[in-house]
Structures are given as structure tokens and as C-alpha cells.
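Counting convention: from 1, in listed order, for ligands and their atoms alike.
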Amino acid sequence: MLEGDKPREKCGVVGIATDNASLAPSYLYYSLRALQHRGQESAGMAVEGKKIKCIKDLGLVSDVFDPKTMKKLKGKAGIGHVYYSQKLSKPENAQPHVISTSVGEIALGHNGIIVNAEELKRGLRIKGHVFLKGTEEEAMAYIIADEMQRSNDILKAIKVLMRNMLGSYTLTMLYEGRVFGIRDPYGIRPLCVGKMKDGHAVVSESVALDVLEAEPLGDVQPGEVVELTPNGVESHQMITKNRKAHCFFEYVYFARADSVIEGRNVYEVRERAGSRCAKEHPVDADVVIPIPDSGRSHAYGFSHEADLPMIEGLMKNRYIGRTFIMPDQESRDISVREKVNPIVNVIKGKRVVLVDDSIVRGTTMTRIVQAVKGAGAKEVHVRIGSPPLITPCYLGIDMTTRERFLANAKTMDDIRDTLTADSIGYISVDGVVDAIGLPKGDLCLGCVTGKYPLDIPSEMHRFQKLIDDYEEEDES
Ligand code: SF4
């Protein structure tokens with residue numbers, strides 16, 4: 001939906017190995033464009049060579065790479081990355097990071113958060129490592145390099161890395177022309193592999209395989225490392241946990257509806273969630289209106305189950321691009337109307353059900369409810385395809401702190417009144433789990449239950465608070 005009132009995904013990753021001497025960069029380009037929804041802040045590629053060639057910058061994939069830039073990149077193997085940074089966008093934050101180590105250059109693209117990163121960095125500094133940028137990826141490269149010094153075995157070095165890192169990570173890595181895809185032992189963020197006509201790809205979401213016309217070979221398993229070659233995919237199961245923890249929010253909001261994650265098509269999950277929400281929270285109404293575009297798949301399911309027509313009563317302006325947060329209330333209201341405008345002729349006099357996938361702070365939804373009422377709706381009911389978000393995500397998704405969640409410490413009546421709606425209904429936790437169709441124990445539901453699959457160090461809580469304070473200043 002609209003910026004500022006939605007959680008933001010932080011990254012998409014890609015790795016390519018092909019036997020065509022010049023095509024890896026083109027494959028990276030198209031697959032990164034297919035993953036653009038996972039990060040619009042920066043884009044980058046690192047391609048094999050005597051020295052790894054890396055081009056990255058702030059902007060969309062199509063801003064960073066044009067035909068002239070692409071001519072500078074040639075190779076059979078490479079990795080790519082799209083990034084969403086929480087703030088203070090700087091070109092140096094763009095990934096992949098290419099790190100010079102004692103065993104040569106290692107390029108890494110990372111989606112996720114390492115919750116014990118500070119501890120790892122402290123340990124590496126004690127061992128004498130000097131951090132140039134202080135990134136998590138630099139720490140990863142030094143851990144790999146240290147193990148390589150001992151064993152000269154890259155797979156063993158990756159295993160040591162995985163044993164030491166706590167958190168969520170899908171990584172693509174380029175080392176001496178070899179391409180690896182690495183998924184954390186809980187499988188929190190998605191990663192899958194596919195076979196192209198002249199090679200193999202590992203990508204955050206299957207839509208990036210579709211664009212490469214690659215045959216999907218399945219998800220990289222939690223704790224698994226895959227090495228891609230033009231001719232095959234070698235699998236190494238490095239760590240096995242007694243549970244998985246796939247992020248349920250990938251299904252509800254982040255992933256593209258045409259992606260397939262763990263064998264579940266995201267669109268179908270959303271449709272089922274909408275249908276379940278209609279069963280759990282029936283309402284007498286005339287029409288169902290999706291919040292464009294995030295609520296559309298849920299709204300189809302809701303409208304079908306409730307036997308109500310779905311209409312496009314809110315029109316989204318797709319061409320205004322990125323905006324910044326306006327300082328005054330009046331401008332903020334204009335900014336919402338600039339992006340989503342109600343169609344008076346189809347709304348006037350109707351009892352409307354507004355359907356969206358999630359609500360974080362609720363500010364945008366409140367303005368939309370008021371705009372729909374202003375367009376003459378008799379009643380406005382809000383239905384949400386995920387359970388109330390009550391605690392932050394510490395595992396790779398940018399959300400606000402607990403205090404600023406709409407649903408934090410509020411009753412449903414309070415939420416309804418805050419939104420100025422006539423009624424509110426969120427799908428239950430069990431409802432969304434059923435819609436996804438995976439066992440509850442295979443999902444991370446941390447932000448809706450407060451129970452995370454792994455311990456979150458207290459310094460992570462402080463970090464999230466700092467970010468939120470910064471945002472507060474930003475908006476004041
Ligand atoms: S806490 Fe929520 S957003 Fe974060 S990984 Fe878990 S389910 Fe996903």
C-alpha cells in the first residue's frame with residue numbers, strides 16, 4: 001500500500017552460474033528487476049573475474065544499470081542484490097559487498113539480520129581483524145577467511161560461518177568464480193533454485209526464475225548450502241534444526257503474489273486468508289473494495305466467501321514514484337489522496353468493506369476510511385488478512401517499535417475507533433496458518449505472537465528503539 005504505513009522488506013538476492021561467457025550479468029539484471037519489490041533503495045551486481053567486478057549504487061535496478069554500465073560486466077558467474085535500507089541511504093550500504101580477505105576477495109549479498117553480529121565483530125576484533133565498514137557481511141567474510149586459512153575448504157568455512165551466526169539470512173556468495181546460495185537453519189527468508197537453458201540460478205523468490213525461463217528445482221532447505229555450476233546444483237545440508245520458521249509475512253505481504261514459496265502459491269494463500277477472514281468476521285455490506293495493490297488478493301477471497309461484489313473503488317496513482325514524509329498534517333492528507341483516490345460514483349450510498357493485508361501504525365488506513373466516508377459511503381468496515389501486529393520484527397523486516405503499532409495494548413473497539421471505521425476484523429493466527437497450509441511449528445509468527453524462533457539479544461531491542469526514535473524526529 002502506501003509508504004510509511006507498511007513494513008518494508010530489506011533485500012532480494014540472486015546468484016547465477018552459466019556456461020555462456022558473457023551472459024551472467026544479463027541474467028542478474030532481469031532477475032533483480034523481478035525482485036525489485038523486495039528493495040528499491042539500491043541495486044548491485046558482482047561478477048567473476050581476476051578481480052571481482054562490482055557495480056552498485058542507490059536507485060532502482062534500471063537506474064543503476066543501463067546499456068553502457070552493462071557493457072562493463074562480463075562473466076559466467078555472479079551475484080546480485082536489491083536493498084532497502086532503514087535510513088540514511090548511502091551508496092556504500094549498497095550490496096553486494098566485496099571484501100578483501102587473507103584468502104582473496106569474497107562477494108556477499110545478504111537478506112536478513114544477524115542478531116549476534118555485534119558479538120561476532122567483537123570476537124573478530126580481538127583476533128586482530130580490522131573492519132573497514134563494520135558490516136555484518138565483512139564479519140562473515142573474515143570468519144570464512146579464518147577457517148580457509150586452517151582447512152582450505154570453502155564448504156567447511158561456510159559451515160563454520162553458519163554455526164556461528166544467529167539470525168535470519170539468505171546469502172549469495174561469489175568466491176573464486178564459484179557461486180553459493182546459503183539459507184539459515186530456520187529458513188526464515190525464502191530462497192529457491194532453478195535450471196536455466198545454459199546454467200543455474202538461486203534467487204529470493206520464484207518470480208525471478210520465471211523471468212529467466214528457468215525450471216524451478218525447489219526451495220533451498222533451511223540450513224542448506226547450494227553450489228551452482230552451469231551443469232548442476234550441489235547440495236550440502238550443513239545444519240538441521242528440530243523446527244523451521246518460515247516468515248508468515250512473506251505470504252501475507254512481502255512476496256510477489258505470483259511467487260511460490262515452500263510449494264505454496266502466494267496469491268492462493270492470500271485468497272484463502274481473505275476467505276477465512278470473511279468466515280471469521282462476516283458483515284452486512286454492499287461491496288468489497290481492496291486497498292490497492294496490497295489488499296487485492298485477500299479481497300478476492302473475502303468477496304467470494306461473503307458473496308459480495310468486489311469493486312475497484314480506490315484508484316492508485318502508479319506514477320508518482322517515491323515521496324518523502326510531509327511535515328504538516330494537511331500535506332500528509334493530500335499525500336494519501338494523491339496516491340489513493342476514492343471513486344465517488346461507485347462508493348456513494350454503499351456499505352463498504354475495505355480489505356487490506358495488514359495494518360502497522362494505522363495512519364494511512366484511517367485517512368483512507370475517512371476518504372471513503374467523504375466519498376459518501378454509508379458505512380465503512382475494515383477487514384485485515386493478517387492477525388494484529390503487536391511486536392517488532394528482529395529478523396529482517398523493517399517495522400516500527402511496539403509502542404507505535406496500532407494494535408499494541410488496544411482492544412478491537414479502540415482500534416475501530418482509531419480508524420474511524422464502523423467495524424474491524426482481523427484474521428486469527430490459526431486462520432492465517434490454515435491459509436498458508438504449513439504446520440504452525442514451521443512458521444515464524446513472532447510479530448503477531450511475540451514468540452520468536454530464536455532468542456533476540458537485548459541490544460537488538462535497543463537498536464530498533466534508536467531507529468524508531470530517528471523516524472519520530474524525521475516525521476516531527
Ligand atoms: S517476526 Fe514477523 S516479519 Fe519478522 S520474520 Fe517473523 S513473521 Fe516475519
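- Taking 2.8 Å as the criterion, C393 does not count as a coordinating residue of atom 6 (Fe) of ligand 1, since none of its N, O or S atoms falls below it.
- Ranking protein heavy atoms by distance to atom 7 (S) of ligand 1, first place goes to C444 O, 3.0 Å.
- Under the 3.5 Å distance criterion, with hydrogens and angles disregarded, a donor-acceptor pair is assigned to the side chains of T391 and Y452.
- Ion pair R383/D356 not flagged as a salt bridge, since none of the NZ, NE, NH1 or NH2 atoms sits closer than 4.0 Å to an Asp/Glu carboxylate oxygen.
- Looking only at heavy atoms of the protein, atom 8 (Fe) of ligand 1 is closest to C247 SG, 2.3 Å.
- For the residue pair H97 and T135, no side-chain donor N or O sits within less than 3.5 Å of a side-chain acceptor on the partner.
- When only modelled atom types and interatomic distance are considered, E205 and H37 share a side-chain donor-acceptor pair under 3.5 Å.
- The protein non-hydrogen atom at the shortest distance from atom 1 (S) of ligand 1 is C447 N, 3.4 Å.
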